[in-house]
Amino acid sequence: MLKGIQAVRGMNDILPAETPYWQQVEDAVREVVQAYGYEELRLPLLEKTELFKRTIGEVTDIVEKEMYTFDDRNGDSLTLRPEGTAGCVRAGIEHGLLYNQVQRFWYGGPMFRHERPQQGRYRQFHQIGVEAFGMAGPGIDVEHLLMTARIWRRLGLDGLSLQINSLGSTTARRAHRERLVNYLRGRSDELDDDSRRRLETNPLRILDSKNPAMRALIDGAPLFSEYLEEQSLNDFAAIKSALTDAGVAYSENPRLVRGLDYYNETVYEWVTDQLGAQGTVCAGGRYDGLVEQLGGKPTPGAGFALGLDRIVTLLQQAGDSLLLRGPRAYLALVGLQAEQYSLLFAERLRNRLPGLRLTVNCGGGSIKSQMKRADKSGADIALVLGDEEMQNKQIGVKFLRLDRQQERVDQDEIDRYLKQELTF
RNA sequence: GUGGACGUAGCUCAGUCGGUAGAGUCCCGGAUUGUGAUUCCGGUUGUCGCGGGUUCAAGCCCCGUCGUCCACCCCA
C-alpha cells in the first residue's frame, strides 16, 4: 500500500467531502466579480522563467528558492506560475488589451511554490485573481476592497479583518528603503540572524518580524508614512474615508509589506486568526509600474488575490455547507425485469425532472443493502422498482428523512408526484 | 532550507515489562424470502511506513531513511 505511488508532497487531492465547499466559494466569487463587470481570462500554468524573475524580483524568496523551474525540450527555461499577476499582464500586453484602455479582468486556478507544506500552505495552491488596468486614482482600490467585503458577506464569513497601508510612490519607496537600511545597519548588533540576512535581501520584511526581541528596534524604524508624497497621502486618505462611508472596518498597519517587488502605493490584506500561522486570506494593492516594466506603455494597475484553500478551510470550520441543491433520489431494484427496465425508466424521469439528482442502483445486492446505499447516498427518497411494480406499472416511494408511510404511484404520475412532494 | 511531534486494518485508534496482532467503524450475509437509519448473530479486512542493528524473541529498544502534521522562514 505505502509502496504505491503517492501524490507529490504538498499537492493535495480534493475529494468529494470537500468539493462542495470549493464550489460554494468559486460560485460566490464568480457571481460577485461578474456583478462588478469583470471579465474572465484563462491563462497558461507555465510561463517563461524570465517573466517571473523580472516582475516578482530577482532577490525575493519566491524567485530564489521557491519556483518549479525546468528546461523545455528546446532549451527554454519554463516555470510553473507562482502567482497570477505577471501572466495576466503579459497576456494583456501581448494581445493589445492594455493599450490606452480600461480593463477589468479576473482569472483563477492553481499556483505553485516549492515551500515546506504546513497548515494553509501547499505547494500547489489555488487563487482567484482580480486585476484592473488603466485607472489612476483611489477609486479602483476602493472598488476592489468593496468587492472583497461583499464576497465575505456572500459566503457568510465573519471574523476577517482588513489591514491597509501605503507604500508610496516608487521613488518614495526607494528613499524610505535607503533610510531604513542605514538605520538598521547602524544597529546591526541588535538584529537577529534572520533579520541580518534580510538586510541584504528584503529589508522591508524586517519590519514584519515576529521576534519579540526585535520590537524596540522595529518601533524606532522609519515608517513609510514619513516619506509619502502629497498625492499618495491624499489617495490613501480618500480610500480610508470611502471605507468608513461604506461601513467596512479596517485597521492601518504601517508595517504591512507585500512580498513581491512590483507593489506600490496602496496595499492591503484580509487576515484571520483561525488558520494558525498562515492567516492571510486575501491580499492585494497597486502596481502602477508593472505594465511598463514588461514592455507596455505606462499604465496604472491594481488587483488582489484570494487564497481559495484558506477560504475553503474557514468555510469548513464555520460548519455545514449550505449549498442549494436539488433533492436526491435512489432507485432500488428487485428482479431481473426491473433491473433491465431501470436505466430506461431513469432516463425518462431525468428528462422530465432535470433538477432531480437520481442515482440508479447498479451492481446488484439485496433490497436491504440497496436501501442502505440509498440512505448513505444522502437521498431524500428511495424509489423501489420490483416485480409487483413492474406488473402494475407503478413505483414505490419511500421517504428516508420523514416519518411517513411508503406509497405506490403510477409510473406515469411519478414526475408530477415528486415535483409536488419534494417542492422543487 | 531549519526544528518538533507522529507513522499499527479502507477510516478512528488501543497495544502494559520485549513474549503468537486488537477494538470500534466500514463492507458483505442472516435474524425479517421486498425496505435504510436502531437491535442481535456470523463473516472479510494487516509488508505494525521502509531498511538495518541488538536479542532466544522486536509493533515496542538502537541507528538510518521515507512520509504526514505543526511551527520557523516565506506567503494567498
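These values consider heavy atoms only, across backbone and side chains, with no hydrogens, waters or symmetry-generated copies. Letters A, B, ... mirror the listed sequences (proteins, then strands); counts begin at 1.
- Below 30°, between 30° and 60°, or above 60°: for A/His144 and A/Tyr38 the angle between ring planes is between 30° and 60°, a tilted geometry.
- Between the NZ atom of A/Lys376 and the P atom of B/U25 there is a distance of 15 Å, rounded to whole Å.
- Note on A/Gln119: only backbone sugar-phosphate atoms sit closer than 4.0 angstrom, heavy atoms only; bases stay farther off.
- Applying the ring pair (Phe, Tyr, Trp, His ring centres under 6.0 Å) test to residues at least two apart or on different chains, the pairs with a partner in residues 176-200 of chain A are A/His176-A/Phe224, A/His176-A/Tyr227.
- Closest to the side chain of A/Met371, from the set B/C73, B/G36, B/G34, is B/G36.
- Nearest nucleotide to the A/Gln406 side chain, out of B/A76, B/U35, B/C74: B/U35.
- Contacts of A/Tyr122 with the nucleic acid, taken as non-hydrogen atoms under 4.0 Å apart, include base atoms.
- Look at the P atom in both B/G49 and B/G59: the space between them is 10 Å, to the nearest Å.
- Rounded to a whole Å, the CD1 atom of A/Ile62 is 12 Å from the P atom of B/C74.
- Using C1' as the reference atom, B/G10 and B/C27 are 9 Å apart when rounded to the nearest Å.
- Here A/Ala374 lies out of heavy-atom contact (under 4.0 Å) with every strand.
- As rounded to whole Å, 16 Å separates atom P of B/A76 from atom NE2 of A/His144.
- Taking the salt bridge (charged side-chain N to carboxylate O under 4.0 Å, His left out) definition, one finds that A/Asp375 meets it with A/Arg401, sequence neighbours left out.
- Atom CZ of A/Arg113 and atom C1' of B/A76 are 7 Å apart (whole Å).
- A donor and an acceptor atom never sit less than 3.5 Å apart when one is taken from the side chain of A/Arg116 and the other from the base of B/C69.
- Remark: C1' of B/G29 and CD1 of A/Ile367 are 16 Å apart, rounded to the nearest angstrom.
- A donor and an acceptor atom, one from each side chain of A/Trp270 and A/Thr280, are nowhere located under 3.5 Å apart.
- Taking atom P in both B/A9 and B/U45, the straight-line distance is 14 Å, to the nearest Å.
- Among B/C72, B/C28, B/A76, the nucleotide with an atom closest to any side-chain atom of A/Gln118 is B/C72.
- No hydrogens or angles were tested; on distance alone, a donor-acceptor pair under 3.5 Å links the side chain of A/Arg310 to the base of B/C75.
- Shown for residues 395-405 of chain A: residues whose heavy atoms fall under 4.0 angstrom of RNA chain B, namely A/Lys398, A/Leu400, A/Arg401.
- As judged by a 4.0 angstrom heavy-atom cut-off over every strand, A/Lys65 is placed among residues making no nucleic acid contact.
- Among the heavy atoms of the strands lying under 4.0 Å from A/Glu388 is at least one base atom, whether or not backbone atoms are also near.
- Under a 3.5 Å cut-off, the side chain of A/Asn12 and the backbone N or O of A/Ile14 do not form any donor-acceptor pair.
- Residue A/Val8 is the one, among A/Arg123 and A/Val8, whose nearest nucleotide of RNA chain B lies closer to the 5' end (criterion: closest heavy atom).
- Rounding to the nearest 0.5 angstrom, the gap separating the CD1 atom in A/Ile140 from the CZ atom in A/Arg286 is 8.0 Å.
- Looking at A/Tyr263 and A/Arg173, their side chains never bring a donor and an acceptor atom within 3.5 Å of each other.
- A donor-acceptor pair shorter than 3.5 Å cannot be found between the side chains of A/Ser166 and A/Ser232.
- Using atom P as the reference point in both B/C60 and B/U8, the two lie 13 Å apart (nearest Å).
- In the set B/G34, B/A71, B/G30, B/A71 carries the atom at the smallest distance from any side-chain atom of A/Ala277.
- Between the CZ atom of A/Arg121 and the C1' atom of B/U2 there is a distance of 12 Å, rounded to whole Å.
- The side-chain heavy atoms of A/Met147 and A/Val33, taken from C-beta on, include a pair separated by under 4.5 Å.
- Here B/A76 is the nucleotide among B/G34, B/G30, B/A76 with the atom lying nearest to any side-chain atom of A/Glu115.
- With A/Gln370 contributing its side chain and A/Leu333 its backbone, the two residues share a donor-acceptor pair below 3.5 Å.
- At least one side-chain nitrogen or oxygen of A/Lys368 sits closer than 4.0 Å to the OP1 or OP2 atom of B/G36.
- When the P atom of B/A76 is taken as reference, atom CG of A/Leu256 falls 11 Å away, rounded to whole Å.
- Nucleotides B/C73 and B/U16 place their P atoms 39 Å apart, quoted to the nearest Å.
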Dot-bracket, RNA chain B: Watson-Crick or G-U, under 3.5 angstrom, [ ] crossing, | other strand? (((((((..((((.....[..)))).(((((.......))))).....(((((..]....))))))))))))....
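- Looking at residues two or more places apart in sequence or on another chain, you find a side-chain hydrogen bond (donor to acceptor under 3.5 Å, both in side chains) between A/Tyr341 and A/Arg348, A/Gln411.
- Taking the side chain of A/Arg9 as heavy atoms from C-beta on, and the options B/C28, B/U68, B/A76, the nearest nucleotide is B/U68.
- Separation of the C1' atoms belonging to B/A14 and B/U25 is 14 Å when rounded to the nearest angstrom.
- Within 4.0 Å of A/Val281, counting heavy atoms only, lie sugar-phosphate atoms of the nucleic acid but no base atom.
- Of the two residues near RNA chain B, A/Arg408 and A/Phe125, the one whose nearest nucleotide lies more 5' is A/Arg408.
- Residue A/Glu389 places its side chain closer to B/G34 than to any other of B/C74, B/G67, B/G34.
- Between B/C13 and B/G7, the distance separating the two C1' atoms is 13 Å to the nearest Å.
- Taking the P atoms as reference points, B/G24 lies 27 Å from B/C61, given to the whole Å.
- Rounded to whole Å, atom P of B/C75 lies 20 Å from atom CD of A/Gln124.
- Residue A/Ser369 has its side chain nearest to B/G29 when only B/G29, B/C72, B/G36 are considered.
- Of the candidates B/U68, B/G34, B/A76, B/A76 carries the atom nearest the A/Thr280 side chain, counting heavy atoms from C-beta on.
- Closest contact between the side chain of A/Gln278 and the listed nucleotides B/A71, B/U35, B/C74 involves B/C74.
- Applying the 6.0 Å contact sphere to CZ of A/Arg404 captures more than 12 heavy atoms from other residues, nucleotides or ligands.
- By the salt bridge (charged side-chain N to carboxylate O under 4.0 Å, His left out) test, A/Glu31 is found to be paired with A/Arg154, residues two or more places apart in sequence or in another chain being considered.
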